[in-house]
Structure formats: structure tokens, C-alpha cells
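A short worksheet on the structure shown next.
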Amino acid sequence: MRLSQAFLPVLKESPSDAQIVSHKLMLRAGLVRQTAAGIYAWLPLGYRVLKKIEGIVREEQDRAGAIELLMPTLQSAELWRESGRYDAYGPEMLRIRDRHEREMLYGPTNEEMITAIFRDETRSYRDLPRTLYHIQWKFRDEVRPRFGVMRGREFLMKDAYSFDLDEAGARQSYYTQLLAYLRTFQRMGIQAVPMKAASGPIGGDLSHEFIVLAPTGESEVFYDADYEGMDWSQSGLSYGDAEGLQALFDRIGQTYAATDETHDEARWAEVPGERQRQGRGIEVGHIFNFGTKYSDAMGFRVSGPDGAMVTPQMGSYGVGVSRLVGAIIEASHDDAGIIWPDAVAPWRVGVVTMRGDDPASAAAAEDLYAKLSGAGIETLYDDRDERGGAKLAGMDLMGLPRQVIIGPRGLAQGLVELKDRRSGEKQELSLESALARLAA
RNA sequence: CGGGGAGUGGCGCAGCCUGGUAGCGCAUCUGCUUUGGGAGCAGAGGGUCGCAGGUUCGAAUCCUGUCUCCCCGACCA
């Protein structure tokens, strides 16, 4: 992308509405603009990041065997009356009437709908287990939306729903999503720790929240530093491996992690002092098993192997996709701006010339931009007629992981500067080796 | 929902108390000088002061109503 052709509005000062860093940076770097309380328009930069995150979530869901579909944002009240939640849900649900005075609602979640859809097409235990998911906008009419995209009223969420014949199967589905989540967040370059949730809807041990560490988090968290070293992608675990998944679950059960709500001082004291990690955290995912709550209420039964009717076990698994954009920024920024982890960066590389009036610099930048683009490396080339410093400040604000800085001084010796956004390290290299480095 | 605060060019703010027809910084545009980490000078454009009503010769300013947004608390991906 050439910056001169882009729509990337950047602000020097943050609007006074914004209180927390991620919100300020999202406004300043031009990721979003607020259009109403808790409702945001995603500008090109923010939308690119949102899609990156969504893509990672999708890939990991697919790998875990979940099946994607897409359900609508608008739902009929009738559906929710089946489960009894239409009256139970309260004012968080946005209720709407259409022109025929039919009661509708903007979906805050999709248990009812997925249960109805799956129920209507499924008769036999042979059709189980299945985990279905979609990535769709939700609306919850929060009493007090705040923190920008982190607690918006409209938000993008991945929600998956599992259907199993029995409890043992439901556990497997749960473990599968647990592993998928660990891998998902790891790929995004953030440390998300699974913590047993205060209380699962039906009790038991099958409910976890995934918390990203960030100083502005909403809850206090405590966890064992062992989580920091775990590599979920390279663990050799496969989704079909029941024993391995059980072992994973057991290991997580044994490795301490809790929010202030579930914190257990006695167990915490058993964690060696040097491994105790304490801080604040943002919830970016939540998985839980709810047994037959919805299948029961909505009359979903299948024929079992012995001919008897069985009510399937269900679980649901949510990832706050739009919230993650804010959460990642909270966890990864500095005074100059955002620091995107590679996997979610809107562009991997930024190219800047220090002197707009130097034809050699411009030619070198054009050449590099063409080669990077040709190599499939997403590159933002600031080809505007601006001063070097202004362009560099923009690159830092937008958080591009790597920046190539080209100027007449270096070029005279055949060198360009390669800068790492996170470490701030700068290296002088030939154009060719910079290219090779970036392509690696 | 309870408590607090704010709406004035794109952004950040002043003016309001003590009515006299809108100002500053940044941004934008033009010109010149500049150029290695958000340049300087000169000039220009852009606002029915959230909206509606009222008081007044005259309202950004006073009064009433209304809408919106933000913050603190109880709840949530």
C-alpha cells in the first residue's frame, strides 16, 4: 500500500473521550472511529488487524475440527421464548419490532439459534459429535460501554457450539477447544492464561476464561510462570488424542492460575515465589460446558445406539475478536505507539525515505517496495512528500513491526537502515540483505 | 440503574460567572525557506457555539426543556 493513496487518518492528540491507552492509540493511529456509545466504525488500518485476528481464530477452529457457518445478527423473539431466555435476559438484549410488529432482537449470543438449526437436521447419534462456529457481530446493550472496543456494545465474536452424545464426549470437545484457544492466542503473540471461571453454569470444572496480561486489565490475576514457557503449537498434541488432551487438561488444572474471584491463597502459597506472577488481565475468551440446558429446553434429542432417545450435551466457546484488537494493544505498546506482533500486524514492513527530494532514495524505496510486494510481504510505503521524522513517527504510531529507512547518507555507502519496532534496534544493511532479512 | 462531568471549525481547548454577534494551538490549503527522527516564516480557508423554546434592542454567554457523549460504581466476549 502506498500511503499517498491510502485512507489512514492519524491524530497528534487523542480525543478527550479516550481514557485508556489502547483506545487512545486506536483513535490516534486511525483504527476506529466511534459512531455511537460503544459502537465503532473500523477504518482500514483497524479492519486489516481485525481480519488478521479473525483469520487466526478461523484457522485454528478449522484445525480443531470445528465447522464454520454464519448465522444472522437479527433473531426472532420466538426462538428465545423456546429456551425461556427472552424474558430472562434483561435489558442487555436489544429488542426490536419490525413493520409487522413482530418482536425481534439483535443477537447477544446464539445458543438458541444454533440449537434450533442443528436440532432440526439431526436425528441420530451418528451425526454426533459436531462443533459448529461462526464469527459474527453481536450486540449487548451494556449499561456502560467503555474502554473503546474492549467493552463495546457491538462486538465481533467467534462463538462455537459443541454437541455430544454423552458427558465423556463433551469433555473431549471441551478439551479440543481448550487446546485450540491456547494455540490461537499464542499465534497472536500474546500471553493468554486459562483460568478456571468462578462457576460454570452447571458447576463442575468445565469452564475457563482466557486472560491476557495487561496493566489496564479489569480483574486481578495470579498465575504460575510455567505458563510463559509453554509452547502449545509445538506440543505434539493432536486433536484426536484423547489421552493427550486429558493430560493437557490435568496439567492446566495443576498449574495455578486464577482471577481475584477464584483466587485460593493456600494453593497460591504452594507456587514457588519466583514463579508467582500477579497482575491485571483482560478476558479475551471464555469456554464452558452447559450440559443439556438448551437441548433440554428446546427439545433436541437424537436416537442413541440402543434405540433410546438421548439429549445431547452442549458446550459453547467464545473469543472476543474485536476486543482482542484492544487487548493486544494494551499488552503491546510504548510511548511512541502500537507494537504489533507480526501475526496481526496490518502490514509487516514499513518503507520510509528520509529525504523526499532525493531521487536516489525514492528510486531505492520504489524498488524495495516492488520487491517486497512481489515477494508477498505486506508493505506500507510512505511515499508522501513529508519530512522523514513525521513519516517515522507515523510508522511507530501504527506499530509496523519492521521499518526500512532509506536516505541519501546511507545510500551513498549502499546502505539502508532496518529497524525493529519492538526492540528499537537499527541495523545498516545493503538493500539486498535487508530484503533477504525481511523475506526470511 | 445510582452518582458526577461535558457538548464551541477535523483534533485539543479558551470565552460563559459580569449578554454586545467567536478566539488560541495543532491539522488543512498557498507561497517561500528548509529537510537524517512529528520544521520555520508569511498568508488563506473552514464554526447557524448539540438541538428546541423562552427572556432581551441584542444570547456561545441568562432561563426551561430535550438529545448526545464521557467518567466513577454494580454486570459482561
Side-chain angles (χ1 to χ4, degrees), chain A residues 9-20 23-24 27-30 33-39 53 57 89-93 107-110 133 135-160 181 184-185 192 197-198 208-212 218-219 259 261 282-288 316-327 335-337 352-358 361 382 384-398 403 405-412 415-417 419 424 426 428:
Chain A
V10 157
L11 303 171
K12 275 196 178 176
E13 291 175 274
S14 4
S16 57
D17 287 354
Q19 298 297 316
I20 60 168
H23 192 194
K24 287 180 183 168
L27 293 169
R28 285 226 293 136
R33 287 294 179 261
Q34 183 169 352
T35 60
I39 302 179
I53 292 171
V57 170
Y89 210 92
E92 269 205 355
M93 182 191 281
T109 176
N110 289 65
Y133 77 98
I135 300 173
Q136 176 64 291
W137 292 92
K138 305 287 187 291
F139 195 94
R140 293 184 191 171
D141 200 355
E142 297 283 344
V143 201
R144 183 151 97 85
R146 63 185 124 166
F147 305 146
V149 112
M150 297 237 284
R151 189 193 321 232
R153 292 194 295 170
E154 186 185 52
F155 57 96
L156 187 62
M157 173 171 155
K158 185 282 303 187
D159 41 326
Y181 274 43
T184 299
F185 296 126
H208 286 83
E209 298 177 333
F210 288 78
I211 309 267
V212 173
E218 297 185 67
S219 48
T259 65
E261 287 178 356
I282 301 162
E283 183 183 352
V284 291
H286 197 166
I287 60 178
F288 50 90
S316 84
Y317 315 89
V319 172
V321 176
S322 49
R323 171 180 283 187
L324 270 163
V325 179
D335 290 344
V352 163
T353 51
M354 288 311 292
R355 292 283 303 249
D357 59 349
D358 177 42
S361 300
D382 192 343
R384 295 171 308 160
D385 182 20
E386 281 286 339
R387 297 169 69 89
K391 296 193 222 178
L392 290 172
M395 289 289 174
D396 281 352
L397 211 213
M398 291 188 282
Q403 299 162 20
I405 301 149
I406 300 173
R409 273 186 215 166
L411 229 42
L415 299 175
V416 298
E417 189 178 297
K419 175 175 142 188
K426 297 165 193 167
E428 302 251 295

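Letters A, B, ... are given to chains in the order of the sequence lines, protein chains preceding strands, and every chain is numbered from 1. In what follows, every heavy atom counts, from backbone to side chain, and hydrogens, waters and symmetry copies are set aside.
Checking each of Arg140(A), Arg323(A), Gln136(A) against Met157(A) for a side-chain contact (heavy atoms from CB on, under 4.5 Å) leaves exactly one that passes, namely Arg140(A).
Remark: aromatic rings of His208(A) and Phe210(A) are distant, center separation not under 6.0 Å.
On the C1' atoms, A59(B) is 15 Å away from A52(B), given to the nearest whole Å. Comparing the P positions of U55(B) and G46(B) gives an interatomic distance of 33 Å, to the nearest angstrom. Between C49(B) and C62(B), the two C1' atoms lie 15 Å apart (nearest whole Å). Only the P atoms considered, U28(B) is 15 Å distant from C11(B), to the nearest whole Å.
The partner of G19(B) is absent, by the rule that a Watson-Crick or G-U pair needs both atom distances under 3.5 Å. In this entry C41(B) has G31(B) as its Watson-Crick or G-U wobble partner, both defining distances falling under 3.5 Å. G2(B) is paired with C72(B) under the criterion used here, namely a Watson-Crick or G-U wobble arrangement in which both key atom distances are under 3.5 Å. Pair assignment for A52(B): U64(B), on the basis of Watson-Crick or G-U wobble contacts that are both within less than 3.5 Å.
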Next item on the list: Start with the C-alpha distance between Lys391(A) and Thr353(A), add both sets of side-chain angles, then the distance that settles side-chain hydrogen bond (donor to acceptor under 3.5 Å, both in side chains), and finish with yes or no.
Entry: CA-CA 8 Å; Lys391(A) 296 193 222 178; Thr353(A) 51; 3.0 Å; yes
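Here Thr109(A) lies out of heavy-atom contact (under 4.0 Å) with every strand.
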Check: In the 5'-to-3' direction, what one-character label does each nucleotide of nucleotides 26-39 of chain B receive under the scheme B = base within less than 4.0 Å of a protein heavy atom, S = sugar-phosphate only, - = no such atom?
Finding: SS------BBBBBB
Margin query: How would you summarise protein contacts on nucleotides 70-77 of chain B per nucleotide, using B for base, S for sugar-phosphate only and - for none, with heavy-atom distances below 4.0 Å?
Written below: SBBBBBBB
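A salt bridge is absent between Arg409(A) and Asp358(A): the closest approach of a Lys/Arg side-chain nitrogen to an acidic carboxylate oxygen does not fall below 4.0 angstrom.
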